[in-house]
Amino acid sequence: MPAFHIEDLPEKEKLKMEVEQLHKEVKLQRQQVSKCSEEIKNYIEERSGEDPLVKGIPEDKNPFKEKGSCIIS
């Protein structure tokens, strides 16, 4: 599908696209933020032990560790 700019479309086409988007959004199942945020918090806390950003990467498995050092004499 070729790329196009919304600004280049006639007003009727813009409104048609907006209505189609609204039809899609109406079908979405909604949940309370308070319930979702609690579920997300629990999910993150349960997996934090496996997260390399939280616990770090072991030196022997770090792919970005420098292989050697440079000595200038």
Side-chain angles (χ1 to χ4, degrees):
M1 183 173 185
F4 61 90
H5 294 284
I6 299 294
E7 306 88 41
D8 298 337
L9 293 175
E11 190 65 25
K12 184 177 180 180
E13 287 298 313
K14 291 180 195 177
L15 292 171
K16 183 179 176 184
M17 289 176 68
E18 185 175 354
V19 168
E20 288 173 0
Q21 180 63 34
L22 290 171
H23 279 291
K24 291 177 186 176
E25 291 179 17
V26 161
K27 295 176 185 176
L28 291 175
Q29 181 182 357
R30 309 229 181 238
Q31 294 183 12
Q32 293 180 340
V33 173
S34 58
K35 183 176 184 248
C36 293
S37 60
E38 186 67 29
E39 290 174 3
I40 291 170
K41 183 181 128 201
N42 292 338
Y43 178 87
I44 292 170
E45 288 176 349
E46 288 170 4
R47 287 158 182 79
S48 66
E50 306 161 12
D51 191 336
L53 296 175
V54 174
K55 73 174 200 169
I57 300 173
E59 285 294 319
D60 59 332
K61 294 184 180 182
N62 186 351
F64 303 105
K65 179 181 169 186
E66 291 189 28
K67 304 292 183 213
S69 60
C70 178
I71 300 174
I72 299 175
S73 52

- Look at atom NZ of Lys14 and say whether more than 12 heavy atoms of other residues, nucleotides or ligands are closer to it than 6.0 Å. yes
- Item | Ile57 versus Pro52, closest heavy-atom pair with distance | CG1-CB, 4.0 Å
- Atom pair CG (Leu22) and CD (Glu18), whose distance is rounded to the nearest 0.5 Å: 5.5 Å
- Query: Got a sec: does the CD of Gln21 have more than 12 other heavy atoms crowding it under 6.0 Å?
  - Reply: yes
- Item | Nearest-0.5 Å distance, CD of residue Glu25 to NE2 of residue His23 | 11.5 Å
- Query: Are Glu39 and Lys35 ion-paired here, with the side-chain N under 4.0 Å from a carboxylate O?
  - Reply: yes
- Item | Euclidean distance, Ile6 CD1 relative to Met17 CE, rounded to 0.5 Å | 3.5 Å
- Between Cys36 and Gln31, the two heavy atoms sitting closest are SG-OE1, 3.3 Å
- State, with a plain yes or no, whether a side-chain heavy atom of Asn42 is found less than 4.5 Å away from one of Glu45. yes
